[in-house]
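All figures in this text were calculated on a predicted structure; none of them were measured in a lab.
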Amino acid sequence: SKHMFGNIRADPPRVAVVPEIVVVEVNEVVTEAVNVGPPWKMEASVFAPRKQESDAKDFVDTEHVISRMFQKDWVRVVRQDRFFNYIRRESKKAAMKLKLPDRDSNNDNDNVGAEITTEQVFKDLEALLVSTYRIVAAAFVYYASLGSGSVGGLQLNEYTEFLDNCKIPE
C-alpha cells in the first residue's frame, strides 16, 4: 500500500511563514476634470412640489401647521375610552400617593390645599405634549419608517423598539 500513491511522503511537509516588510512609494499625482454643475436648489429638486402641495405651502411645516396637527392628534387620543380611563386611574393613584383630595370621587373632604382632578391632569398633559409635539411627531415618523408598514402607523416591532429606546416600561 506504500506504493499506492506514488512517491508521496507519509509525514506532512513543514511550512514556515516568514514576514517580510515591503515598502512601495508612489509619487504620482492624478488630476481629473470634475463637472460640478450648478449648486443644488430645493426649488429644482424632487421636493419642489411640496411648496404647493403641503398644508404649510412651504418646504418645512410652520408652527401653525404643527399646532393643527397636535390638535387633531389630541382630539383623536382623548376620545378613546381606554386612554381616558387610563389617565383617570393614574391621576387617582397619584392623588392617593401624594395624599391629595381627589375631587373626581365626590368625597366631601374639606382638606385645604392642592387637589387633583382628571380635567386638570388632561390640561397639564396637553400643555406638556404641546411643548414637545414637534419632537414626538418626528420620533413617530422615524420609528414608523423603520418597518415595512406605512408611515402612518407603528408596527409592534417599531413600537417596542421605541419603548425600549425611551426606557418606557410596557
>> Does V121 form a side chain to side chain contact (heavy atoms under 4.5 Å, CB included) with E90? I'd like the steps, not just the answer.
In response: CA-CA 10 Å; V121 170; E90 292 302 313; over 6 Å; no
> Measuring from S131:OG to L129:CG, what's the distance to the nearest 0.5 Å?
Replying inline: 7.5 Å
> Y143 versus N165: any side-chain heavy-atom pair under 4.5 Å?
Replying inline: yes
> Roughly how far, to the nearest 0.5 Å, is CG of L156 from CD of E161?
Replying inline: 11.5 Å
> Are N85 and R88 close enough that a side-chain donor and a side-chain acceptor fall under 3.5 Å?
Replying inline: yes
> How long is the span from the CZ atom in F162 to the OH atom in Y142, to the nearest 0.5 Å?
Replying inline: 12.0 Å
>> Heavy-atom count check: over 12 atoms from other residues, nucleotides or ligands less than 6.0 Å from K57 NZ?
In response: yes
> Can R68 and Q71 be said to form a side chain to side chain contact (heavy atoms under 4.5 Å, CB included), step by step?
Replying inline: CA-CA 5 Å; R68 284 181 44 220; Q71 287 306 317; 5.8 Å; no
>> Please say yes or no: joined through hydrophobic side-chain contacts below 4.5 Å, possibly via intermediate residues, are V22 and V18 part of one cluster?
In response: no
> Is there a donor-acceptor pair under 3.5 Å between the side chain of T132 and the backbone N or O of I135?
Replying inline: no
> If Ile, Leu, Val, Met, Phe, Trp and Tyr residues are connected whenever their side-chain heavy atoms lie under 4.5 Å apart, and connections chain through other members, are V46 and M42 in the same group?
Replying inline: yes
> Can any side-chain N or O of Q155 pair as donor or acceptor with the backbone N or O of S148 at less than 3.5 Å?
Replying inline: yes
>> More than 12 heavy atoms of other residues, nucleotides or ligands under 6.0 Å from CG of L128: yes or no?
In response: yes
> Does R134 have any side-chain hydrogen bond (donor to acceptor under 3.5 Å, both in side chains) partners at least two apart in sequence or in another chain, and if so, which?
Replying inline: E63
>> D124 vs Q120, test: side-chain hydrogen bond (donor to acceptor under 3.5 Å, both in side chains). Steps then yes/no.
In response: CA-CA 6 Å; D124 293 346; Q120 187 59 48; 2.8 Å; yes
>> Test your reading of the model: is there a side-chain donor-acceptor pair from K51 to the backbone of F59, 3.5 Å cut-off?
In response: no
> Would you call F84 and T118 a side-chain contact if the rule is heavy atoms closer than 4.5 Å?
Replying inline: yes
> So, for A144 and G153, which heavy atoms are closest and what is the spacing to 0.1 Å?
Replying inline: CB-O, 3.5 Å
>> Which residue in the set K72, R79, Q80 passes side-chain contact (heavy atoms from CB on, under 4.5 Å) when paired with R76?
In response: K72
>> With a 4.5 Å cut-off on side-chain heavy atoms, are L125 and I87 touching?
In response: yes
> Can you list the steps and then say if E53 with R50 is a side chain to side chain contact (heavy atoms under 4.5 Å, CB included)?
Replying inline: CA-CA 5 Å; E53 296 171 359; R50 189 185 195 290; 5.8 Å; no
> If you group Ile, Leu, Val, Met, Phe, Trp and Tyr by side-chain heavy-atom gaps below 4.5 Å, do V130 and W74 land in one group?
Replying inline: yes
> Between S45 and W40, which heavy-atom pair has the shortest distance, and what is it?
Replying inline: CB-CZ2, 3.4 Å
> Between atom CD1 of I66 and atom CG of D61, what is the distance when rounded to the nearest 0.5 Å?
Replying inline: 4.5 Å
> So D73 and Y133, side chain to side chain contact (heavy atoms under 4.5 Å, CB included) or not? Walk me through it.
Replying inline: CA-CA 10 Å; D73 284 346; Y133 185 72; 2.3 Å; yes
>> Check this for me: Y86, atom OH, are more than 12 non-hydrogen atoms of other residues, nucleotides or ligands nearer than 6.0 Å?
In response: no
